[in-house]
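Computed from a predicted model, the values in this text were never measured in an experiment.
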Amino acid sequence: MRIRRILSLALAAATLAGLSGLGAVSAEAASSLNITSDECTAAGGQITARPYAGYYCTLPDGTTQPIT
């Protein structure tokens, strides 16, 4: 009985740690702001235009961000 309680507490702690890590990643993605064209070129990115979507910065790591 005691081992079962310890294992369930360990599982609950691992689940909570996983969810808090997921929340931190989601918060980081949500807080990324648009960048300016000067910041894009300073970071080594390339400015591209998308039809009906405006201008985007394609960074060297392959990610894209809208330009303000």
Atom pair OH/CG of Tyr56 and Asn34 - distance to nearest 0.5 Å: 8.0 Å
Supply the atom-to-atom distance Thr41 OG1 to Gln46 CD, rounded to the nearest 0.5 angstrom. 11.5 Å
Hey, is CD on Glu39 packed in by over 12 heavy atoms from elsewhere, all under 6.0 Å? yes
Mind checking what makes side chain to side chain donor-acceptor pair (under 3.5 Å) contact with Asp38, not counting sequence neighbours? none
Thr64 and Arg50: CA distance, side-chain angles, deciding distance, side chain to side chain contact (heavy atoms under 4.5 Å, CB included) verdict: CA-CA 12 Å; Thr64 59; Arg50 294 184 183 169; 3.5 Å; yes
Using side chain to side chain contact (heavy atoms under 4.5 Å, CB included) as the criterion, list what pairs up with Ala42, not counting sequence neighbours. none
Going by side chain to side chain contact (heavy atoms under 4.5 Å, CB included), name the residues that satisfy it together with Cys40, two or more places apart in sequence or in a different chain. Ile35, Ile47, Cys57
